[in-house]
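Accompanying notes for the structure given below.
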Amino acid sequence: QVQLVESGGGLVQAGGSLRLSCAISGNPINANAIGWYRQAPGKERELVAALSNGGSTKDADSGKGRFTISRDNAKNTVYLQMNSLKSEDTAVYSCNAGLLAISGNYYPHKYWGQGTQVTVSS
């Protein structure tokens with residue numbers, strides 16, 4: 001059974017940093033990557049960053065230069081380091097196991113974590 005569990009969210013002041021963790025158990029079928037998504041109130045869910053098993057990354061414009069995705073294979077955990085946080089980064093952040101294609105597109109599969117709240121105060 002596949003399980004993704006996020007942690008690390010919280011309340012932080014603008015300009016601060018947080019590191020989110022996505023702990024993965026089980027073997028997501030036909031997935032080669034982990035993607036971090038976020039959804040702010042009243043907005044659609046959007047991809048923030050993705051990292052393939054081979055090390056390829058996809059970074060959304062919203063986090064470029066501020067967010068870094070990485071993984072610790074020994075811990076089977078993917079991280080999202082978020083620096084220089086802004087109030088507009090406030091959202092529920094979720095991780096997903098999916099497919100990062102050669103084209104650079106990320107296709108989410110059915111495996112989702114429960115999400116972790118990030119609130120940035122201005």
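- Shortest non-hydrogen contact noted between Ser84 and Ser17 is N-OG, 4.3 Å.
- Taking each heavy atom of Leu100 and Ala33 in turn, the nearest pair found is CB-CB, 3.7 Å.
- Placement of Val12 and Leu80 within a single hydrophobic cluster is found when ILVMFWY residues are connected by side-chain heavy-atom separations under 4.5 Å, directly or transitively.
- Side chains of Leu20 and Met82 form a contact here, defined as non-hydrogen atoms less than 4.5 Å apart.
- Sequence neighbours left out, not one pair with a member in residues 26-37 passes side chain to side chain donor-acceptor pair (under 3.5 Å).
- Atom-to-atom distance recorded for Tyr106:OH and Leu99:CG is 8.0 Å, nearest 0.5 angstrom.
- Of the candidates Leu85, Asp59, Asn83, Phe67 forms a side-chain contact (heavy atoms from CB on, under 4.5 Å) with just one, namely Leu85.
- Although no hydrogens or angles enter the test, the distance criterion places no donor-acceptor pair under 3.5 Å between the side chain of Gln39 and the main chain of Ala91.
- For the salt bridge (charged side-chain N to carboxylate O under 4.0 Å, His left out) test, residues two or more places apart in sequence or in another chain that qualify with Arg66 are Asp89.
- Taking OH of Tyr79 as the start and OG1 of Thr68 as the end, the distance is 14.5 Å to the nearest 0.5 Å.
- In this structure, the separation between CH2 on Trp112 and CG on Asn96 is 4.0 Å, given to the nearest 0.5 Å.
- In terms of heavy atoms, Ser62 sits closest to Arg38 at CB-NH2, 3.4 Å.
- Between Ala97 and Leu4, the shortest heavy-atom contact is N-CD2, 3.7 Å.
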